[in-house]
Structures are given as structure tokens and as C-alpha cells.
Asker: 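Once you've had a glance at the structure underneath, I'll fire off some questions.
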Amino acid sequence: MADWEQAIRTLHAERGAALHAYGYLLTGEQAAAADLVQDAFLRVFSRLRLGDDIDRLESYVRRAMLNRYVDGRRRAGLWRARRHLLVQPVAEEPDHGLADDVRRALTTLSPRQRACVVLRYYEDLTVPQIAAQLDCAEGTVKRHLADARSKLATQLAVPEENLR
């Protein structure tokens, strides 16, 4: 068995788990961490004159992992910035009218705002009834409705007075 093969086996046996944990902290994914460790091993051990000092080899592998991760993130960012030049954008789903626009706009509201809007305009409840239903003050309901109307008016490009 060659010296470098023994060095790989020893490094993997003694420090493999720590290197994998380091990769996981960098990437946040188990599979990506395993790929990062493997790529670093290939990069480091493709140079046959490294010696067999495990601590030194581990530091080389860690540095290779960091460089590979940073380069990958940089490359991914460059790709995201330029892919529109090479790939046709995905066609947006067809517009089905105002109802779909309203549904999409409602998803951007906070849960309380959305509940107030649905109770007021769909269930046709009064402010005191909504306050009783949600177990909160009438002023809170009015505030949620005002904030929601403002947000919906902006998103739907409708004057706020038309939403009353």
C-alpha cells in the first residue's frame, strides 16, 4: 500500500467525522457536506508529495473544503446573475383575473389581518362582531383592517377608497 493511501485511510478514520461536521456547518446539508469532504480529499491527495502528518493533512483538507465551498457559492451567485442570458425564463401561469390576484394578495397579509378582512368582507361581520370572534379590542380590528386595506390597495393597484 502506498504512503498516500495509508494517509487517506488514517485521516478518514481519525478525523473523517470532524471533517464531515465541518462540511455540514459550511453547507447546511448532509449530502453536500459529504460531497465537499470527498472533493477536498481528491484535491489534496491528487498531489502525492504531502507527507503523512495527519494534523497537516487535516488542515490542508479543511482549507480545500473552505475554498471549494466559497468558490461554489461565488459560482452559484454568478450563475444566478447571468442565467437569464442563456436560459429561457419559465413562462408565468396564465392570468385568471382579479380573483387570483386577490387570492395572491391575501397570502401576503399577516394571519390576523387576513382573518379580519375575511370576516369583514366575506362574512360581512361588523367590527364589534369581528372583535368578539377574534377575542380582541375593536381598535385592534380597525387597525388590522386599515393596514390590510393599505397593503391590498398597493398590491392590487387599486385606490384605497375603492376597497371600503
Side-chain angles (χ1 to χ4, degrees), residues 1-96 99-119 122 133-137 140-141 143-157:
M1 183 181 305
D3 291 339
W4 63 271
E5 288 180 88
Q6 185 58 39
I8 288 176
R9 290 182 197 282
T10 305
L11 180 61
H12 188 266
E14 291 181 13
R15 303 298 300 154
L19 290 170
H20 186 77
Y22 179 64
Y24 180 76
L25 291 174
L26 288 174
T27 63
E29 298 175 1
Q30 294 289 341
D35 290 344
L36 191 61
V37 172
Q38 184 176 11
D39 288 347
F41 266 82
L42 286 172
R43 189 168 184 90
V44 168
F45 286 100
S46 64
R47 308 171 108 194
L48 296 177
R49 296 180 296 261
L50 291 173
D52 58 355
D53 180 20
I54 296 301
D55 292 332
R56 197 168 122 220
L57 290 173
E58 181 184 4
S59 68
Y60 280 132
V61 171
R62 283 180 183 268
R63 186 60 197 194
M65 289 171 67
L66 181 62
N67 289 345
R68 191 68 146 186
Y69 172 73
V70 170
D71 289 346
R73 296 293 293 183
R74 188 179 307 121
R75 198 171 293 120
L78 290 172
W79 168 249
R80 280 191 298 277
R82 291 180 178 87
R83 74 175 162 209
H84 69 280
L85 300 172
L86 301 171
V87 178
Q88 291 293 330
V90 176
E92 293 186 27
E93 51 188 66
D95 186 20
H96 293 290
D100 285 339
D101 293 341
V102 171
R103 276 191 211 95
R104 272 193 294 278
L106 283 173
T107 63
T108 65
L109 299 177
S110 73
R112 284 286 183 154
Q113 288 174 346
R114 186 172 179 164
C116 287
V117 167
V118 169
L119 291 173
Y122 184 73
Q133 188 92 6
L134 297 177
D135 196 29
C136 63
T140 303
V141 171
R143 177 80 264 155
H144 286 313
L145 287 171
D147 291 345
R149 272 195 304 268
S150 174
K151 200 171 193 178
L152 290 171
T154 302
Q155 290 182 2
L156 297 172

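The structure displayed is predicted, hence computed values, not measured ones.
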Asker: Is there a side-chain contact between Leu152 and Leu109 in this structure, where contact means two heavy atoms from C-beta onward sitting under 4.5 Å apart?
Answerer: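 In contact.
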Asker: Just verifying a value: how many Å separate Arg62 CZ and Tyr22 OH, rounded to the nearest 0.5 Å?
Answerer: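 Interatomic distance, Arg62 CZ to Tyr22 OH, rounded to 0.5 Å: 6.5 Å.
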Asker: Got a sec, which residues hit side chain to side chain donor-acceptor pair (under 3.5 Å) with His20, two or more places apart in sequence or on another chain?
Answerer: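 For His20, the residues satisfying side chain to side chain donor-acceptor pair (under 3.5 Å) (neighbours in sequence not counted) are Gln30.
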Asker: Taking atom NE2 of His12 and atom CG of Leu57, what is their separation to the nearest 0.5 Å?
Answerer: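 Atom-to-atom, His12:NE2 and Leu57:CG are 14.0 Å apart.
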Asker: One pair to check against side-chain contact (heavy atoms from CB on, under 4.5 Å): Thr108 and Arg114. What are the steps and the verdict?
Answerer: CA-CA 9 Å; Thr108 65; Arg114 186 172 179 164; over 6 Å; no
Asker: Using the rule side chain to side chain contact (heavy atoms under 4.5 Å, CB included), only one of Arg63, Glu58, Arg56 pairs with Tyr60; which is it?
Answerer: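 With Tyr60 as partner, Arg63, Glu58, Arg56 yield a single side chain to side chain contact (heavy atoms under 4.5 Å, CB included), made by Arg56.
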Asker: Just to verify, what does Arg112 make a side-chain contact (heavy atoms from CB on, under 4.5 Å) with, not counting sequence neighbours?
Answerer: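 So Arg112 forms a side-chain contact (heavy atoms from CB on, under 4.5 Å) with Ser110, Leu134, Cys136, His144.
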Asker: Side-chain contact, heavy-atom cut-off 4.5 Å: Arg15 with Thr10?
Answerer: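 No; the side chains remain at least 4.5 Å from each other.
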Asker: Closest approach of Ala33 and Gly23, non-hydrogen atoms and distance?
Answerer: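 Smallest interatomic distance, heavy atoms only, reads CB-C, 3.4 Å.
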Asker: One thing to verify: whether Arg104 and Asp101 come together as a salt bridge, which I'm taking to mean a side-chain N less than 4.0 angstrom from a carboxylate O.
Answerer: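 Arg104 and Asp101: salt-bridged.
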Asker: Quick one: CE on Met65 to CG on Asp35, what's the gap to the nearest 0.5 Å?
Answerer: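 Interatomic distance, Met65 CE to Asp35 CG, rounded to 0.5 Å: 11.0 Å.
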Asker: Is Asp39 salt-bridged to Arg43, going by a charged N under 4.0 Å from an acidic O?
Answerer: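 Salt bridge absent between Asp39 and Arg43.
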Asker: Taking side-chain contact (heavy atoms from CB on, under 4.5 Å) as the definition, give me every residue that meets it alongside Ile8, ordered by chain and number, with sequence neighbours left out.
Answerer: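 Ile8 satisfies side-chain contact (heavy atoms from CB on, under 4.5 Å) with Trp4, Phe41, Phe45 only.
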Asker: Can you tell me how far the CD atom of Gln113 sits from the OG atom of Ser150, to the nearest 0.5 Å?
Answerer: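 Rounded to the nearest 0.5 Å, the CD-OG separation comes out at 9.5 Å.
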Asker: Do you know which two heavy atoms are closest between Leu19 and Val37, and how far apart they sit?
Answerer: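 Taking Leu19 first and Val37 second, the nearest heavy atoms are O-CG2, 3.6 Å.
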